[in-house]
Amino acid sequence: MEQSRSKSMLNTPFLATGFCDAWPFCSLKTDKLAEILDGKVFACRVSEISCERTLETECVHLEISMDDFNAWLRGEAHQPNPLTDFSRSKYCCYIDYKYMRDMFCDNAEVFSHVKWSTLGLPEFDGSDSTIWIGSEGANTPCHQDTYGFNLVTQIQGRKLWILFPPEDTQFLYPTRIPFEESSIFSSVNIRNPDLAAFPLTKNSHPVIVTLNPGQTLFVPRHWWHYVQSLEPSISVNVWVPVFGDNESRYHEALTRTLASSLIRDFADVTDDDKDGFQHWLNPTETLTASSVNMEFLKTSLSQLLAEEDRECLTKDFDESETSHSTKRKSDFGHSDYLHKLALALANCPQTEIRSPVDLNSLKRKAVENDSGSKCLKTCKSSSDTKRVEPERLSGEDREFIDGNEEEFTTRQLHSLACCSVDVYLKCMRDLCDKSNCSCKRNSQMQDVSRSLITPVSRQRLSEGDKIDQSLNSDTVECESKILKAPCSLTSVAFVEGNANLYQQQSLNNILDSSARNSSENDTIGAVLSSEGKIKEDCQVNDVVRQGLLDGNLTLRDIAEAFLSSILQPDIIQAVAVKVREQCDILLRNKSKKL
């Protein structure tokens, strides 16, 4: 029963607390990291702290050491520190997406300090993980990873996560520009959405959560996510392969083939901007030759077909469990890794996040005796950590914990419910207010968001303004203030005090009620009437017509529109089917000749 319950959780995001208490890496801070890396330099990107959508192609890219980064954080950056020219209060710096096997190639002992085995995945450690180091404001635009599920553990500082289910894809206006392997970006500025330009976004189901040190976030396959550091932070994550990744690799090979050819051909579409195509390509990406792309395509299609053959065999023959033990890491499918994760979570208490109290106080399962009760009262943590403070325990208490490690545990799961778009918009405005965002709020967005809020909801929001609901709330100073702690974990906590704003239908119900295999047109039809759709199309046509008449659309604009359209995920899906059909025809014709 417990295992079945855990498996059902794997369809939606959840927070896991207490699983990483034993990680040596969790005690790491940026200063200690600088000592370990000893002057090694890494690529970083610098951008203005803003609620505007900033892509990597629009950032300044530098090479810095951790010593440079720490000096800049302290306001002590001087030449030749590359960050000297960037004001600490106006800019953010992100050393993002660095493979630990590369960063710590001279310190291999660090790999064992990241123990994904505590979550049932002993095959993975630091050598399979990536690390993200950023100042407050550093962010990753909203995107969808095409491979695997994601486990993220927060090491230092706090990070804001805004997630959307795969069923919301149409509401987020996906794009492959700029092109990056395995990443589909949203055209919507999630931090400050323009609902006039992207009206379908108001139908989305956002999940908002702040990840604190020591906590692990589970991001299911294909869930969209926007991430922002609320203070100087370090995160570690691992992408775990699942069944279906081979199909995604096949689609990615097709996307790369088309992107490489089209971007290269369109590079000289105008004489005044020879490097204009660089805006269509993420800085970490390169254009690959056609011969290389064909090899990628051939290999990915072969792997997909081989996987489908294995699935057919599995249906016909009952394979023994012992055969799994001989598989390599890359051979495991969702039935292996997700199964292991479910087993690791099976006996953990589970709650739905409705209040900061759930994560700001240490939840423990103690043996029912006087010593356990005494120890439970003593072991309280601050709002940003789940670790026991040994110095606060007596020798007798420490012996009790050591002797009952399995029964006395901090491990707990917190499922995350979605919130209404009203609440989501208010959280974004509050974040700008509290972080002194330099951007001016788009008045049009404010007008649209107000029109979405019902009179009752508006009254509730007005009442909620009297309470500090900041995502940047300070650490709770004492236990007596925990119940009054501002909402620093998830917007759902705010909604609990504003019942009319909370969507009564949970995210699980939304996922269950939506047909996962329905076509995109069917889903859109459920949202918009045909009359409304025609009206919207007419408005778009009017804008395009006027732009052409005024000469505002350049050849480069047309090229970008063409490129973006061809690389749309649904177009790639259709091409993938046709390529397989044509390969089948070619093979049949060859066999006949033989």
Side-chain angles (χ1 to χ4, degrees), residues 56-57 97 99 128 130 143-150 166 169 174-186 221-224 238-267 277-312 327-334 337 520 559-560 562-590:
E56 289 185 43
T57 54
Y97 201 166
Y99 283 100
D128 306 287
T130 54
H143 67 284
Q144 179 190 70
D145 296 319
T146 57
Y147 303 143
F149 66 82
N150 193 1
T169 293
T175 179
R176 294 309 297 259
I177 303 299
F179 171 70
E180 179 181 82
E181 165 77 21
S182 74
S183 294
I184 303 174
F185 292 100
S186 169
R221 182 174 186 256
H222 288 175
W223 273 69
W224 294 84
V238 63
W239 285 283
V240 182
V242 297
F243 176 77
D245 280 354
N246 281 331
E247 184 176 14
S248 294
R249 290 189 182 93
Y250 172 48
H251 290 180
E252 285 300 306
L254 284 170
T255 304
R256 174 174 287 281
T257 298
L258 289 169
S260 295
S261 300
L262 292 174
I263 291 176
R264 190 180 291 110
D265 288 344
F266 290 167
F277 77 94
Q278 295 296 342
H279 295 287
W280 301 333
L281 194 68
N282 240 26
T284 56
E285 284 294 339
T286 57
L287 299 177
T288 45
S290 297
S291 58
V292 175
N293 292 330
M294 289 303 104
E295 285 292 339
F296 285 155
L297 194 54
K298 179 183 177 181
T299 301
S300 62
L301 182 55
S302 298
Q303 291 175 344
L304 175 60
L305 294 175
E307 180 181 73
E308 291 177 351
D309 289 343
R310 287 195 299 270
E311 286 298 306
C312 291
K327 291 184 178 180
R328 292 176 291 109
K329 185 183 300 184
S330 59
D331 292 332
F332 276 80
H334 74 302
Y337 289 134
E520 182 176 353
E560 182 169 330
F562 180 84
L563 181 63
S564 178
S565 299
I566 292 297
L567 299 182
Q568 280 290 310
D570 54 344
I571 300 297
I572 296 297
Q573 171 69 32
V575 172
V577 172
K578 289 299 180 182
V579 169
R580 289 188 60 171
E581 289 178 358
Q582 292 302 313
C583 285
D584 184 60
I585 292 172
L586 289 171
L587 287 173
R588 290 179 186 275
N589 290 339
K590 281 188 174 183

Would you call [X] and [Y] a salt bridge, taking side-chain N to carboxylate O under 4.0 Å as the test?
| X | Y | result |
| --- | --- | --- |
| Asp145 | Arg221 | no |
| Arg176 | Glu252 | yes |
| Asp584 | Arg580 | no |

Next item on the list: Determine, stepwise, if the pair Leu258 / Ile572 fulfils side chain to side chain contact (heavy atoms under 4.5 Å, CB included).
Entry: CA-CA 9 Å; Leu258 289 169; Ile572 296 297; 3.7 Å; yes

Notebook entry, point to check: Do we see a donor-acceptor contact under 3.5 Å between the side chains of Thr169 and Trp224?
Noted result: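 Yes, a side-chain donor-acceptor pair sits under 3.5 Å.
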
Check: Can you tell me if Gln144 and Trp223 form a side-chain donor-acceptor pair at under 3.5 Å?
Finding: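 There is no such pair (donor and acceptor under 3.5 Å, judged by atom type) between the side chains of Gln144 and Trp223.
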
Check: Can you name the one residue among Asp265, Asn293, Thr286 that meets side chain to side chain contact (heavy atoms under 4.5 Å, CB included) with Ser260?
Finding: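 In the set Asp265, Asn293, Thr286, the residue that makes a side chain to side chain contact (heavy atoms under 4.5 Å, CB included) with Ser260 is Asn293.
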
Just so I know, are the side chains of [X] and [Y] near enough to count as touching, which here means a heavy-atom distance under 4.5 Å?
| X | Y | answer |
| --- | --- | --- |
| Tyr337 | Pro241 | yes |
| Val579 | Tyr250 | yes |
| Glu180 | Thr284 | yes |
| Ser300 | Asn246 | no |

Check: Looking at the rings of Tyr97 and Trp239, which for Trp means the six-membered one, are their centres under 6.0 Å apart?
Finding: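 Yes - the distance between ring centres of Tyr97 and Trp239 falls below the 6.0 Å cut-off.
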
Just how far is it from atom [atom1] of [X] to atom [atom2] of [Y], taken to the nearest 0.5 Å?
| X | Y | atom1 | atom2 | value |
| --- | --- | --- | --- | --- |
| Trp280 | Thr57 | CH2 | OG1 | 12.0 Å |
| Ser565 | Glu560 | OG | CD | 10.0 Å |
| Ile177 | His279 | CD1 | NE2 | 12.5 Å |
| Lys298 | Gln303 | NZ | CD | 12.5 Å |
| Asp245 | Phe149 | CG | CZ | 10.0 Å |
| Gln568 | Ile184 | CD | CD1 | 9.0 Å |

Exercise: identify the closest heavy-atom pair between [X] and [Y]:
| X | Y | answer |
| --- | --- | --- |
| Ala259 | Leu287 | O-CD2, 4.4 Å |
| Pro178 | Asn282 | CG-OD1, 3.4 Å |
| Val238 | Asn150 | O-OD1, 3.3 Å |
| Thr146 | Ser248 | O-OG, 3.0 Å |

Note to self: Between Arg264 and Thr288 (side chain of the first, backbone of the second, donor and acceptor by atom type, cut-off under 3.5 Å), is there such a pair?
What the structure shows: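 At least one qualifying donor-acceptor pair exists.
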
Check: Is there a side chain to side chain contact (heavy atoms under 4.5 Å, CB included) between Thr257 and Phe296 once you walk through the steps?
Finding: CA-CA 9 Å; Thr257 298; Phe296 285 155; 6.0 Å; no

Notebook entry, point to check: Taking only residues two or more places apart in sequence or in another chain, which ones pass ring pair (Phe, Tyr, Trp, His ring centres under 6.0 Å) with His143?
Noted result: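 If we apply the ring pair (Phe, Tyr, Trp, His ring centres under 6.0 Å) test to His143, skipping adjacent residues, the hits are His225.
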
Item checked: Step-by-step side chain to side chain contact (heavy atoms under 4.5 Å, CB included) determination, Val242 to Tyr147 -> CA-CA 8 Å; Val242 297; Tyr147 303 143; over 6 Å; no

Next item on the list: Could you walk me through whether Arg256 and Glu285 pass the side chain to side chain contact (heavy atoms under 4.5 Å, CB included) test, one step at a time?
Entry: CA-CA 10 Å; Arg256 174 174 287 281; Glu285 284 294 339; 2.7 Å; yes

